[in-house]
2 protein chains.
Amino acid sequence: MENDLNHFLALMSQRGLNTTKQRVNIAKIFFCMQGHHSLEEICQEVRKTYPGIGQTTVYRTIKLMCEVGLAEELHVGENFARYEVCIGKQHHDHLVCTACGKTIEFHLPEIEKYQKEIAEKNGFTLLDHRHILLGICEKCRAKHREKT
Amino acid sequence: MENDLNHFLALMSQRGLNTTKQRVNIAKIFFCMQGHHSLEEICQEVRKTYPGIGQTTVYRTIKLMCEVGLAEELHVGENFARYEVCIGKQHHDHLVCTACGKTIEFHLPEIEKYQKEIAEKNGFTLLDHRHILLGICEKCRAKHREKT
DNA sequence: CTTTTTGCAAAGACTTTGCAGAGAT
DNA sequence: ATCTCTGCAAAGTCTTTGCAAAAAG
């Protein structure tokens, strides 16, 4: 964890960006968060420990992390972005419930062969965590049946 | 095309919804649009032929089409939704360039086996056009190299 | 004539930007 | 001392909602 923080700060330095309290504190919290979170959620989590950090700063810092490759932005059928730490994580893909947002990460080597095939045929370079499968989870399906 | 329109109107009737000029005209235009379009784009296209249709009405009509299964909402790494007609289209998936939004549709039976496997294991029911592969297309990669 | 629909304007949700004061090197 | 960063408030997008006038059945 300490390492990740230093790595982040090093990447900032490389770009001529300063080490600030806020950036350090946001990184400390964000790097410990599991899963895929909205900026609102990240903000709240940061403020539990470090109140008084501005929302704008959190926005800007997470964007920075995306640029240097320590975080990834994910759009999973919602009108807002979610962010995920991607340090020391194996390549993985996402199965997302479009009803409740529940997300399951999976890794299936067999499927990658076909993904690469498709991408190459079309001249695309695939991104990491690049595969999003949309569905309805069991709970939401049950709820939907109740209504009908 | 005429058939699709009637199908749409029939589905509206089933729900006790009226047949209106606007709904008919929006359907006429939208059903002819290929690809994945923002509501802004759909609106503009509709107004080329039928000026004076309100944006709100287009929004509401496209939402309706999604509810009855004639259209699908797609979020592909942008902060807004795109819509696609899904009448008479074979099941397909999407390869999307996160830099320029270019989308390629593909259908690969082999990959579906694995998608189903993952979904079942996690209690998910998959949606149609459910697979989104993110990447960078050739053009955008070239542009990026220029900069660096 | 009743009920639904339209389309404007206003409000909402998420995100970005402008800028003056605070902070980092 | 200089240049960057913060955080508020304001502006910008995309989308939804309220409501009075218009249209449908």
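So you know, we letter chains A, B, ... as the sequences are listed, proteins then strands, and number each from 1. As the structure is a computational prediction, the values presented were derived from the model and not from experiment.
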Across all chains, not counting sequence neighbours, the side chain to side chain donor-acceptor pair (under 3.5 Å) partners of A:Gln44 are A:Glu40
5'-most contact on DNA chain D (nearest-nucleotide basis), B:Leu17 vs B:Ala81, goes to B:Ala81
To the nearest angstrom, the CG-P distance between B:Leu9 and D:dA24 comes to 13 Å
When rounded to whole Å, the NE2 to C1' distance for the pair A:His75 and D:dC14 reads 13 Å
Pairs of donor and acceptor atoms involving the side chains of residues 51-67 of chain A, under 3.5 Å and at least two apart or interchain, shall be tabulated with distances.
from    : atom 1 : to      : atom 2 : distance (Å)
A:Thr61 : OG1    : A:Thr57 : O      : 2.7
A:Lys63 : NZ     : A:Glu73 : OE1    : 3.3
A:Glu67 : OE1    : A:Arg15 : NH1    : 3.1

Could you write out each protein N or O paired with an N or O of nucleotides 16-23 of chain D at a distance under 3.5 Å?
from   : atom 1 : to      : atom 2 : distance (Å)
D:dT16 : OP1    : B:Lys63 : NZ     : 3.3

- Query: Is there a chain of hydrophobic side chains (I, L, V, M, F, W, Y, each step under 4.5 Å between heavy atoms) that links A:Tyr114 to B:Val96?
  - Reply: no
note: B:Phe80, atom CZ; D:dG12, atom C1'; distance rounded to Å ~ 14 Å
In whole angstroms, the gap separating P of C:dT16 from CD of B:Glu78 amounts to 14 Å
Transitive ILVMFWY side-chain link A:Phe124 to A:Ile118, under 4.5 Å:
yes
Practice prompt. Would you classify B:Gly16 as touching base, sugar-phosphate or nothing, given that sugar-phosphate means primed atoms plus P, OP1 and OP2, and contacts are heavy atoms under 4.0 Å?
Written response: nothing
A:His37 atom NE2 is separated from C:dT15 atom P, nearest whole Å, by 15 Å
B:Ile53 atom CD1 is separated from C:dT5 atom P, nearest whole Å, by 15 Å
* Hey, does B:His94 have a side-chain heavy atom less than 4.5 Å from the side chain of B:Leu74? -> yes
When rounded to whole Å, the CE to C1' distance for the pair B:Met12 and C:dT5 reads 13 Å
Note to self: Check this for me, if you would: do A:Glu117 and A:Lys113 make a salt bridge, where the nitrogen-to-carboxylate-oxygen distance has to be below 4.0 angstrom?
What the structure shows: no
note: A:Ile26, atom CD1; D:dG7, atom C1'; distance rounded to Å ~ 11 Å
Using a heavy-atom cut-off of under 4.0 Å over every strand shown, decide if B:Ser38 touches base, sugar-phosphate, or nothing. nothing
Assess whether side-chain contact (heavy atoms from CB on, under 4.5 Å) is satisfied between A:Met33 and A:Glu45, documenting all intermediate values. CA-CA 9 Å; A:Met33 290 179 80; A:Glu45 199 60 31; 3.9 Å; yes
By nearest-heavy-atom nucleotide on DNA chain C, the more 5' of A:Glu40 and B:Gly54 is B:Gly54
